[in-house]
Undergrad: 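Supplied in structure tokens, the structure appears directly below.
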Amino acid sequence: MARPQPRFPEPDTQPFYDATKEHRLTYQQCNSCKNVVFYPRAHCTACGSRDLAWKDSKGVGTVYTYSVVRLNRHPAFAPLGPYAVAYVDLDEGFRILTNIVGVNDPLTDVKIGQRVKVQWEDQESGIALPMFAPA
Amino acid sequence: MAAQKRDAAIVGIYEYPLRKAPGVTPLQIKADCAAKALADAGLSWKDVDAVYDAQDGAGMSGLSLPEYFGFKPNVIDTTAVGGSSYEFHASHARRAIASGKAKVALLTYGSTAHSDSRAIGTGGGGMGAGAPSPLDNMQSPYGMTLIANYAMVAHRHMHQYGTTGADLARIAVATRAHAVRNPEAVQAMTDLLYVGTGEITVDDVLGSRMVADPLHLLDCCMVSDGGGAVVIASADVARDCKKKPVWIIGSGEATKYSENGGDLTVSAAAQSGPVAFGEAGVKPSELDIAMIYDSFTITVMVMLEDLGFCKKGEGGAFVSEQRLRWDSPLKPALNTDGGGLSSNHPGMRGIFLLLEAARQLRGESTSQRAGAKLAVAHGNGGMLATSHTGGTIILAAD
């Protein structure tokens, strides 16, 4: 069974997921106050301005925190075995919820402070999900 | 310091005794508890003029609950902010009573989460209910269970401050010691098939199954059925009630959510706590009782710090089974009913924090702290790492 997928119409996150089809990790920055906005929205969370610019991230960041899930009854995750859920701080200043992949054993190979780089998991729907592997 | 106000008091309480209640509905639990809490106060069904509800019954409960109960309230408040809803309700009831809008406010809760077999903590990652939301779209693909959400806060706390699994475990150990003294909690653990219903050690917690690193099974609350009711009344009504009033002397409300660059080890309590303590004119160190939402051990650790019982990051050194126990010479005693960890957690525990705090200040707890005069009830709702609410209520004995 496939992972739960983002659902549309949902205009705030539509441009983000459109960009993932080209493996571009995007975020927003406010043109008036320069605040970095993420997750995507139509307004700036610092000043309320609706003048936001979309930017491409280099996809490199640091693990802020994580947990290794041993038990999830959802049928997409139940067969996976232990997997790491994490918040990653991108170098451009935004924090994303994601999975840490590309490690031999998530129980021992994921660390807070670890440098990671985006790795795309293509979905049947055509979008891709940004995940992160050790840089 | 402004003069402490005593406009409103908890005058009636009732906790549904069962944690496994097949065949009853949340609405029936709510009405049953309402009648018994009113009787505890010496008030009647027709005295209720304000209804508070967290929408745990039928849809649009501001409409359906007064109709189901048969009330004609002047004040209707359906603030639904998860487990802390009841601290928000107590705060709002106090305000409505102080302004003269109401005299007798009723808060009720009912849930059959256990009988419904809801996988609250380990069912994460799913979606599909309701309209799409941006936050859901950004989170649901990654399989973050509710327990993993709290576990991420625990990991960061450990990384930032050197907190250990043993530090967290001490919270579960002290809470269990209280549960063992509470017959309803012992029955709850029996009915919910706990491996043992006696006291536990730090090693028991650390040796229990890891659910989401670094949280073990015994760091996590139960999923029970249950419910309760609280009656809050004006000072003039309270004076004529059967039991001594338990005064609401301070309240605070806040939200906290994940932000770019934000510190996940700080909860909404850091905002709601100072407001409540400031209004009450008391310091955390003066409090006899801390009823703090124990969905998980880390929840309590973070909130002890944020409420100001110790400095941020020093929770690990602050907690010891000796300090937190009912019979300790140190303050505060923690979750003396056995908590969500070992007595009652049907999904939204906030009402039980008010109930046990009131019992303590009346002298009715099964783990009574001698001479308890001041208590805090701090509720937490939602997901600690993603977005949550905090509601702080400071209570004083008559």
Side-chain angles (χ1 to χ4, degrees), chain A residues 2-14 16-17 27 35-42 45 63-78 80 82-87 89-90 92-99 106-107 110-113 121 123 127 129-131, chain B residues 117-160 209-217 220 257-265 296 298 383-387:
Chain A
R3 288 167 181 271
Q5 299 290 305
R7 295 179 300 153
F8 303 99
E10 202 302 292
D12 281 339
T13 51
Q14 181 80 57
F16 174 86
Y17 279 109
Y27 65 101
N35 177 50
V36 171
V37 177
F38 194 87
Y39 57 87
R41 271 163 269 206
T45 50
V63 175
Y64 175 73
T65 190
Y66 73 100
S67 176
V68 181
V69 180
R70 313 286 187 104
L71 176 65
N72 184 342
R73 298 182 201 279
H74 187 284
F77 298 101
L80 287 185
Y83 61 92
V85 176
Y87 275 118
D89 283 340
L90 277 298
E92 293 87 357
F94 66 97
R95 182 171 293 171
I96 190 171
L97 185 78
T98 188
N99 293 139
L107 297 176
V110 181
K111 302 277 181 243
I112 291 175
E121 184 182 279
Q123 307 294 300
I127 65 155
L129 294 173
M131 299 184 184
Chain B
S117 298
R118 273 187 243 156
I120 294 173
T122 55
M127 52 202 266
S133 86
L135 185 60
D136 256 7
N137 272 2
M138 299 304 291
Q139 291 190 347
S140 297
Y142 299 103
M144 174 177 58
T145 59
L146 186 149
I147 298 176
N149 190 298
Y150 283 73
M152 287 203 291
V153 176
H155 250 165
R156 186 68 201 183
H157 203 280
M158 290 173 164
H159 173 82
Q160 218 158 302
R209 178 163 58 82
M210 191 72 86
V211 182
D213 300 65
L215 295 181
H216 302 80
L217 182 65
C220 304
Y257 40 84
S258 174
E259 294 178 282
N260 299 324
D263 184 351
L264 276 192
T265 68
F296 303 96
I298 183 62
M383 303 269 232
L384 193 58
T386 311
S387 64

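Every chain is numbered from 1 and lettered A, B, ... according to where its sequence line falls, protein lines coming before strand lines. Since we're looking at a predicted model, the values are computed, not measured. Any value given below was found using the heavy atoms of this structure, including those in side chains, with hydrogens, waters and symmetry copies removed.
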Undergrad: Flag the pair B/H155 / A/V63 as yes when at least one side-chain heavy-atom distance between them is below 4.5 Å, and no otherwise.
TA: no
Undergrad: Tell me, do A/L129 and B/Y142 make a side-chain contact under 4.5 Å, heavy atoms counted?
TA: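 Side-chain contact under 4.5 Å: yes.
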Undergrad: So which part of B/A385 gets closer than 4.5 Å to some heavy atom of chain A, the side chain, the backbone, both or neither?
TA: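 For B/A385, heavy atoms of backbone and side chain both lie under 4.5 Å from chain A.
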Undergrad: A/N99 versus chain B, heavy atoms under 4.5 Å apart: side chain, backbone, both or neither?
TA: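 Both parts, heavy atoms under 4.5 Å.
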Undergrad: B/S133 versus chain A, heavy atoms under 4.5 Å apart: side chain, backbone, both or neither?
TA: backbone
Undergrad: Can you say whether B/L135 sits under 4.5 Å from chain A via the side chain, the backbone, both, or neither, judging by heavy atoms?
TA: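 Answer is both: backbone and side chain atoms of B/L135 are under 4.5 Å from chain A.
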Undergrad: Enter the distance from A/H74:NE2 to B/T145:OG1 here, rounded to the nearest 0.5 Å.
TA: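 The OG1 atom of B/T145 is 12.5 Å from NE2 of A/H74, to the nearest 0.5 Å.
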Undergrad: Measuring heavy-atom distances to chain B, does A/R3 have an atom under 4.5 Å in its side chain, in its backbone, in both, or in neither?
TA: side chain
Undergrad: Nearest 0.5 Å, what's the CD-OG1 distance between B/Q139 and A/T98?
TA: 11.5 Å
Undergrad: Measure distances from A/S67 to the heavy atoms of chain B and classify the residue's part below 4.5 Å as side chain, backbone, both or neither.
TA: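 The answer is both parts of A/S67.
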Undergrad: For A/A84, is it the side chain, the backbone, both, or neither that has a heavy atom closer than 4.5 Å to a heavy atom of chain B?
TA: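 The answer is neither part of A/A84.
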Undergrad: Chain B heavy atoms under 4.5 Å from A/P130: which part of the residue, side chain, backbone, both or neither?
TA: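 Both backbone and side chain.
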Undergrad: Please round to the nearest 0.5 Å and tell me the distance separating atom CG of A/D12 and atom CG of B/N137.
TA: 9.5 Å
Undergrad: Heavy-atom distance under 4.5 Å to chain A: side chain of B/L264, backbone, both or neither?
TA: both
Undergrad: Taking all non-hydrogen atoms of both residues, which atom of A/F38 and which atom of B/M138 are closest, and how far apart?
TA: CZ-CE, 3.5 Å
Undergrad: Might you work through the side chain to side chain contact (heavy atoms under 4.5 Å, CB included) test for A/L107 and B/D213, ending with a clear yes or no?
TA: CA-CA 8 Å; A/L107 297 176; B/D213 300 65; 4.0 Å; yes
Undergrad: Less than 4.5 Å to any heavy atom of chain B: does that hold for the side chain of A/Y64, its backbone, both, or neither?
TA: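 The answer is both parts of A/Y64.
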